[in-house]
2 protein chains.
Amino acid sequence: MSSKTVLIVDDEPSIREMIAVALEMADYHVLEADNAQSAPRHGAGPQPDLILLDWMMPGTSGIELARRLKREEATAEMPIILLTAKGEEDNKVQGLEAGADDYITKPFSPRELVARLKAVLRRATPPGIEEAVEVEGLKLDPASHRVTSHGSALEIGPTEYRLLQFFMTHQERAYTRSQLLDQVWGGNVYVEERTVDVHIRRLRKSLGETHQHLIQTVRGTGYRFSIRE
Amino acid sequence: MSSKTVLIVDDEPSIREMIAVALEMADYHVLEADNAQSAPRHGAGPQPDLILLDWMMPGTSGIELARRLKREEATAEMPIILLTAKGEEDNKVQGLEAGADDYITKPFSPRELVARLKAVLRRATPPGIEEAVEVEGLKLDPASHRVTSHGSALEIGPTEYRLLQFFMTHQERAYTRSQLLDQVWGGNVYVEERTVDVHIRRLRKSLGETHQHLIQTVRGTGYRFSIRE
DNA sequence: GAAAATATGACAAATACATGACATCGGTGT
DNA sequence: ACACCGATGTCATGTATTTGTCATATTTTC
């Protein structure tokens with residue numbers, strides 16, 4: 001699961017810190033800004049996937065910043081959650097009109113924060129609809145998350161599934177173990193290259209005699225998925 | 001999923017606009033009317049599947065319109081959600097008596113609106129459009145709101161019913177816990193993902209040995225309803 | 001045949017899921 | 001107002017699967 005980046009904009013360092021801790025525990029990457037001025041200055045750095053904005057801040061208020069962000073092309077699509085103190089609830093409509101995607105009233109529990117954040121992100125990132133791939137009666141269907149051989153289901157583990165999916169969408173091409181680790185496991189995990197061999201073996205076993213030949217060893221290099229030879 | 005049409009009746013253009021945007025993002029088709037007079041004028045155009053009605057409007061008030069709609073044959077079956085300002089909560093009973101199906105207090109989040117709208121549509125979709133689904137002797141009939149196994153009724157809770165209904169109308173497809181929460185619980189509730197596991201278990205228990213196998217675990221992903229394997 | 005590379009079987013630790021128990025909440029009847 | 005009830009969400013614990021690594025076999029290359 002790729003961890004998302006959240007930008008917190010709040011003038012109170014203690015609040016920021018509290019939120020940051022909660023989010024980091026939930027495995028989010030956190031950026032902080034203490035006011036509206038410094039907030040949008042992220043041309044170079046990593047772009048956040050979501051912005052947590054305090055309503056009440058000196059200088060440009062949260063709601064103004066929200067409007068500004070929604071107007072700008074680059075940030076218009078970025079989900080915004082507004083934080084407001086209790087009793088300011090009437091601002092809710094105003095805030096949502098300004099383009100905020102959700103609205104949390106202080107005080108809130110870290111749990112609630114994380115839950116709503118997750119929900120907003122979920123909506124903002126619609127899962128891509130992927131097509132099924134089929135080769136010589138071997139079919140991998142992302143929708144049902146299933147692999148079938150001429151209609152009958154195959155027993156296959158999660159990692160082997162991802163491996164096969166990668167291969168079927170990148171046929172006729174040799175990949176080194178290192179490349180496979182990057183593509184299938186994800187770039188920032190450390191595992192032995194030999195581990196790839198083991199999963200290749202498990203994948204071949206799952207595919208059975210019928211389809212084994214599709215997973216080919218490229219000696220001295222790595223592996224390849226190919227219908228030829 | 002066929003997109004539904006929602007008619008918004010409110011005298012405030014800004015409110016209408018806000019709601020319209022929220023609904024369109026949620027993939028609904030939107031019609032607008034600014035008062036009770038123009039509202040019923042839909043003899044020709046597309047019929048809405050649901051009406052969002054502001055309580056307070058000049059001229060004919062929302063509640064009066066609601067009553068009128070409920071009296072008329074053509075619109076009697078149409079679900080109505082009333083929008084009311086905060087503090088008018090006492091009107092709730094009155095509103096529901098007038099035939100409204102739900103009741104939302106301003107201010108509300110788009111998420112909340114969409115969720116309740118979805119809930120109302122789910123529950124109030126005119127009988128006849130929702131067909132019973134049957135799979136291997138397991139039958140779910142929305143009309144009678146009943147689940148039967150080869151004719152004999154099964155004991156099943158509300159949440160499990162909705163879960164099963166979703167699954168039976170979306171077979172052969174893997175869903176993450178997150179997606180199930182969105183689809184079955186509604187986007188505006190914040191519950192633990194693990195909670196899905198518990199309801200899956202309850203559903204399986206209700207289904208009994210005979211049909212348990214239909215609810216399949218997809219390791220590392222979520223769950224799936226499938227007649228195969 | 002020796003060296004290098006890959007295949008394979010076995011394991012222990014890490015993960016993910018299943019299950020039972022429990023607290024809470026809204027609704028009902030007393 | 002009160003106790004009761006079913007429905008729900010959460011947690012702690014039990015169980016099963018998955019995963020990365022090794023040690024050891026087997027194959028390929030020269």
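Computed over heavy atoms, backbone and side chain alike; hydrogens, waters and symmetry mates excluded. Chain letters run A, B, ... following the sequence lines, proteins first and then strands; every chain starts at 1.
Pairs passing the salt bridge (Lys or Arg N to Asp or Glu O under 4.0 Å) check and including a residue from residues 163-174 of chain A, sequence neighbours excluded, read A:Glu172-A:Arg228.
Out of D:dT8, D:dT17, D:dG9, the shortest distance to the side chain of B:Pro158 is found at D:dT8. Of the candidates D:dT17, D:dT19, D:dT8, the closest approach to any side-chain atom of B:Arg202 belongs to D:dT8.
To the nearest 0.5 angstrom, A:Leu140 atom CG is 12.5 Å from A:Glu131 atom CD.
B:Gln212 and B:Arg204 share no side-chain donor-acceptor pair at under 3.5 Å. Side-chain contact, A:Tyr190 with A:Glu192: a donor N or O sits under 3.5 Å from an acceptor N or O.
Ring geometry for B:Tyr161 versus B:His145: interplanar angle under 30°, hence parallel rather than tilted (30 to 60°). The aromatic rings of B:Trp185 and B:His199 sit perpendicular to each other, their planes meeting at more than 60°, with 30° as the lower class boundary.
Proximity of A:Leu52 to A:Val9: side-chain heavy atoms (C-beta onward) are nowhere separated by under 4.5 Å.
Taking atom CG on A:Leu180 and atom P on D:dG20, their separation rounds to 13 Å, with Å as the unit. If you measure from atom CG of B:Leu163 to atom C1' of D:dA7, you get 14 Å, rounded to the nearest angstrom. The interatomic distance linking B:Glu155 (CD) with D:dA7 (C1') rounds to 12 Å, in whole Å. Look at CH2 on B:Trp185: it is 13 Å from C1' on D:dT10, rounded to the nearest Å. One interatomic measurement links the two molecules: CD1 of B:Ile200 to P of D:dG9, which rounds to 13 Å at whole-angstrom precision. If you measure from atom CG of B:Asp197 to atom C1' of D:dT17, you get 15 Å, rounded to the nearest angstrom. In this structure, the CG atom of A:Leu181 is 13 Å from the C1' atom of D:dT21, given to the nearest Å. D:dT19 atom C1' lies 12 Å from atom CZ of A:Arg201, rounded to whole Å.
Ring centroid separation for the pair A:Phe166 and A:Tyr175 comes in under the 6.0 Å cut-off.
Residue B:Thr159 has no polar side-chain atom (N or O) positioned under 4.0 Å from OP1 or OP2 of D:dA7. Close to D:dT8, at under 4.0 Å from its OP1 or OP2, lies no side-chain N or O of B:His199.
Within the 4.0 angstrom heavy-atom criterion, only backbone atoms of the sugar-phosphate kind lie near A:Thr217; the bases stay farther away. Within 4.0 Å (heavy atoms only), B:Thr195 reaches at least one base atom of the nucleic acid. Residue contacts shown for A:Tyr223 are limited to sugar-phosphate atoms, with no base heavy atom under 4.0 Å away. Nucleic acid contact class of A:Glu160 (heavy atoms, under 4.0 Å, all strands): sugar-phosphate only.
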Query raised in the report: Does the pair A:Leu53 and A:Leu83 meet the rule for a side-chain contact (heavy atoms from CB on, under 4.5 Å), with working shown?
Result: CA-CA 6 Å; A:Leu53 208 51; A:Leu83 303 177; over 6 Å; no
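One end of the helix from C:dG1-D:dC30 to C:dT30-D:dA1 points its axis 30° away from the other end's axis, with each axis taken from 5 pairs and the angle rounded to 10°.
Closest-nucleotide positions on DNA chain D for A:Val191 and B:Arg194 were compared, and the one nearer the 5' end corresponds to B:Arg194. Annotation: of the two residues near DNA chain C, B:Val218 and B:Val198, the 5′-most nearest-nucleotide partner is B:Val218.
Scanning DNA chain C 5' to 3' for nucleotides with an atom closer than 4.0 angstrom to a non-hydrogen atom of chain B gives a first and last hit of C:dA16 to C:dA21.
Salt bridge status for A:Asp197 with A:Arg177: present, with a side-chain N to carboxylate O gap under 4.0 Å.
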